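The model shown is predicted, which means the values in this text are computed figures rather than measured ones.
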Amino acid sequence: INIILTKDNNSYRSFYNALLHEGYRDLAALLQDGIPAISSGNGKSSMDGMTSYGQFKTVLCEGGVPQRPVVFVTRPKLVDAIKQKLCCLGSDPGWVTVYGMAGCGKTVLTAEALRDHQLLEDYFPGGVHWISVGKQDKAGLLIKLQNLCSRLEHDSSLSQRPPLNIEEAKDRLRLLMLRKYPR
């Protein structure tokens, strides 16, 4: 609690909401009186944008971001390095690639970086789409690309058939990224 109290109001609210949503209602009730009023310098309420815990959690789930593992070891320096690279995408569109040997924690670190509420709100207001590619044969890669096309076109008025081959999928994704998701 002492660490949370040294942070901003959002940290306390996030901790309270996490207790509430993870089944620790009794502990959350003890903290309820101390919940700070919702305020921000820009005049937005907590219901604007992606600010409530429930909305934030939904954005991560819909995007396919993996949940935090039961056994979790924090590595703040590495998570911060990934966050910095992701923040650079706000001004310079591109990709962030995290690589390393199997089992070293790439997925966990990257998913943890995306759990930063402010990062998602400031740099990824439309949400995220998590894709694990790994080693794939051509058929497996085509399925991954078809799935991504489907996810990115979900709100499109044009109901397109899935791409039939990898080249068609690459072309469709290229157009989607240029026209619909330039950031």
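Environment of CG in D137: crowded, with over 12 heavy atoms of neighbouring residues, nucleotides or ligands closer than 6.0 Å.
Under the 3.5 Å distance criterion, the side-chain polar atoms of E168 are matched with a main-chain donor or acceptor of L164.
Summarising the geometry, atom CD1 belonging to I143 is positioned 14.0 Å from atom CG belonging to L148; distances are rounded to the nearest 0.5 Å. Remark: T97 OG1 to K85 NZ distance equals 11.0 Å, nearest 0.5 Å. Taken to the nearest 0.5 Å, the NZ atom of K170 stands 12.5 Å off from the SG atom of C149. Here D80 contributes atom CG and D116 contributes atom CG; the two are 8.5 Å apart, rounded to the nearest 0.5 Å. Rounding to the nearest 0.5 Å places CG of L120 at 9.0 Å from CG of L86. We find the CD1-CD distance between I166 and Q136 to be 10.0 Å, quoted to the nearest 0.5 Å.
When side chains are defined from C-beta on, W130 counts as touching L114, because their heavy atoms get closer than 4.5 Å. L119 is listed as a side-chain neighbour of C87, based on a closest heavy-atom distance under 4.5 Å.
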Audit row: N165, K138, side-chain contact (heavy atoms from CB on, under 4.5 Å) steps and yes/no: CA-CA 9 Å; N165 56 54; K138 286 189 177 189; over 6 Å; no

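Hydrophobic clustering, with ILVMFWY side chains joined whenever heavy atoms are under 4.5 angstrom apart, groups V79 together with F124. Hydrophobic clustering (side-chain heavy atoms under 4.5 Å, transitive across Ile, Leu, Val, Met, Phe, Trp, Tyr) keeps V96 apart from V108.
Residue L109 forms a side-chain contact (heavy atoms from CB on, under 4.5 Å) with just one option from V98, L78, T74, and that option is L78.
Counting only residues at least two apart or in different chains, side chain to side chain donor-acceptor pair (under 3.5 Å) contacts with residues 101-114 comprise R68-E112, E112-R115.
The heavy-atom pair separating P163 from R172 by the smallest distance is CD-NH1, 3.6 Å.
Comment: R174 engages D171 in a salt bridge, judged by a side-chain N to carboxylate O separation of less than 4.0 angstrom.
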